[in-house]
Amino acid sequence: MLGVRSCATIAEAAGILSGDRQAVLLGGGTLVMRDVNEGRLTEGTLVRITDPAFRQMSTGGPRIELGAGVTMAQVLASRELAFLHPAARAIGGPAIRTMATVGGNLFAAAPYGDFTVALLALDAQVVLQAGYGTGRGVPLEEFLAGRDRGSVSGLVAGVQFSRPANQAEFHFRKISRVKPKGISVLSIAAHLPLQGGRAAQPRIAYGAMAPTPIRARGVERALEGKALDAAAIQAARQAALEGCRPATDAVASEWYRREVLPIHLGRLLAGEPR
Ligand SMILES: Cc1cc2nc3c(=O)[nH]c(=O)nc-3n(C[C@H](O)[C@H](O)[C@H](O)COP(=O)(O)OP(=O)(O)OC[C@H]3O[C@@H](n4cnc5c(N)ncnc54)[C@H](O)[C@@H]3O)c2cc1C
């Protein structure tokens with residue numbers, strides 16, 4: 001049988017999750033409730049959090065904090081998070097965005113996870129809470145590597161990241177066959193700070209190019225210290241597929257994803273329309 005527990009605090013929910021292997025956290029439920037409705041999840045406890053801190057955003061300063069229960073609709077309603085609007089708008093249609101949470105997106109299997117791709121290019125920290133007590137910060141890249149290995153446990157309380165000094169230097173693109181609500185063929189997020197006209201510690205992330213969103217380390221190395229001219233973009237395109245392990249699914253084949261990624265990366269870096 002399936003039950004529901006409502007928890008007034010994040011710590012209470014984390015305690016239940018750490019002590020009960022059949023307990024499942026319910027974020028917005030856009031994926032969990034699909035499993036329930038389609039008969040894949042029939043036993044255990046759905047853990048719901050009513051703690052307002054779970055849905056709180058701190059967006060005014062240089063360091064941004066989003067509770068894991070913050071929805072895509074909340075992100076879209078925040079002017080201070082305008083640089084994240086393209087990523088939040090990429091998640092499903094309006095009804096899904098009203099429910100879908102930042103925390104749930106961190107666990108969504110490829111080709112889902114578009115918002116997480118943006119967070120990865122922002123070098124976000126995940127606040128993980130395992131059992132009662134306080135959370136600890138883990139780099140998102142480490143968290144996703146753990147998810148890939150199946151070794152992530154506990155509750156995500158929120159995410160934290162630095163606001164890009166220049167929001168125009170943050171880019172997000174989702175490539176899909178069906179517009180505007182299609183599932184990703186792939187997505188790309190890029191934070192491209194420039195110093196003296198040259199890339200300084202650029203961060204690029206891909207979605208749907210591996211089982212979890214990944215950083216494009218080869219591209220970052222190719223761009224570091226370079227002006228974003230034709231030669232640098234060509235070098236980035238050549239390094240584009242390093243570390244990629246895309247799947248073949250109903251949306252696109254592995255071959256197609258590998259073929260089109262360098263093209264879309266080149267267009268993003270050149271500031272061309274997709
Ligand atoms: C029609 C449709 C279209 C969609 N389109 C997109 C899309 O375009 N792009 C995209 O990225 N996704 C898409 N999704 C997938 C999904 O809606 C999003 O990924 C969403 O962000 C998931 O969040 P949620 O809160 O609904 O997750 P839930 O369904 O609540 O949870 C998903 C998983 O994460 C776990 N979880 C949730 N929150 C936490 C937490 N704080 N700590 C620990 N574990 C947690 C749950 O236990 C569960 O295992 C779509 C889904 C549907 C049904």
Side-chain angles (χ1 to χ4, degrees), residues 2 4-5 7 9-11 13-18 20-38 40-41 44-49 51 53-56 66-76 84 86-120 126-131 135 138 140 143-144 146-147 150 152-159 172-187 189 205-208 212-213 249-251:
L2 202 56
V4 179
R5 283 275 302 268
C7 299
T9 65
I10 294 173
I16 293 171
L17 287 173
S18 67
D20 177 357
R21 279 213 209 133
Q22 283 200 308
V24 173
L25 191 94
L26 185 63
T30 58
L31 293 172
V32 171
M33 291 314 295
R34 196 155 72 172
D35 285 347
V36 173
N37 293 336
E38 293 173 6
R40 285 185 295 274
L41 184 58
T45 307
L46 300 181
V47 179
R48 194 177 148 254
I49 301 175
D51 189 340
F54 196 56
R55 295 195 65 175
Q56 225 154 44
L66 305 179
V70 164
T71 63
M72 299 302 147
Q74 274 179 275
V75 172
L76 285 166
L84 280 172
R89 207 175 290 115
I91 313 293
I96 291 291
R97 294 196 284 270
T98 304
M99 302 298 291
T101 64
V102 170
N105 203 258
L106 298 176
F107 291 89
Y112 288 155
D114 297 310
F115 195 78
T116 303
V117 177
L119 291 176
L120 197 50
V126 174
V127 181
L128 260 185
Q129 188 151 343
V138 179
L140 174 55
F143 170 88
L144 291 169
R147 203 194 95 188
V152 161
S153 65
L155 181 153
V156 174
V159 294
F172 176 87
R173 283 186 184 192
K174 170 169 167 170
I175 312 305
S176 58
R177 294 181 193 244
V178 180
K179 307 240 167 9
K181 292 197 291 183
I183 298 170
S184 278
V185 170
L186 60 92
S187 54
Y206 302 146
T212 67
D249 56 27
V251 180

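One-based numbering, in listed order, for ligands and for the atoms of each.
Where the criterion is an N or O separation shorter than 3.5 Å, residue side chain and backbone included, Val32 meets it with respect to ligand 1. Taking any N or O of Gly27, backbone or side chain, at least one lies under 3.5 Å from an N or O belonging to ligand 1. Note: no N/O pair closer than 3.5 Å links Gly182 and ligand 1 by distance alone. Looking at Gly29 next to ligand 1, an N or O pair under 3.5 Å apart turns up. When only interatomic distances are considered, the shortest N/O to N/O separation between Leu25 and ligand 1 falls below 3.5 Å.
When each atom of ligand 1 is checked for a heavy atom of Gly28 under 4.0 Å away, the hits are 24 (P), 25 (O), 26 (O), 30 (O).
At the top of the distance list for atom 8 (O) of ligand 1, counting protein heavy atoms only, stands Lys174 NZ, 2.8 Å. Among protein heavy atoms, the minimum distance from atom 18 (C) of ligand 1 is reached at Asn105 ND2, 3.6 Å. Residue, atom and distance of the protein heavy atom nearest to atom 11 (O) of ligand 1 are Gly113 N, 2.7 Å. Atom 41 (N) of ligand 1 has as its closest protein heavy atom Val156 O, 2.9 Å. At the top of the distance list for atom 33 (C) of ligand 1, counting protein heavy atoms only, stands Phe107 CB, 3.9 Å.
Neither the backbone nor the side chain of Met33 has a heavy atom within less than 4.0 Å of ligand 1. Only the side chain of Ile96 comes within 4.0 Å of ligand 1, judged by heavy-atom distances. Of all the heavy atoms of Ala90, the ones lying under 4.0 Å from any atom of ligand 1 belong exclusively to the backbone. Heavy atoms of Lys181 found under 4.0 angstrom from ligand 1: none, in either backbone or side chain.
If you look at Phe107 and Phe143, their ring centroids are closer than 6.0 Å.
With atom 4 (C) of ligand 1 as the reference point, the heavy atom nearest to it among Tyr112, Phe115, Phe54 is part of Tyr112. Nearest to atom 32 (C) of ligand 1 by heavy atom, out of Ile183, Leu31, Val47, is Leu31.
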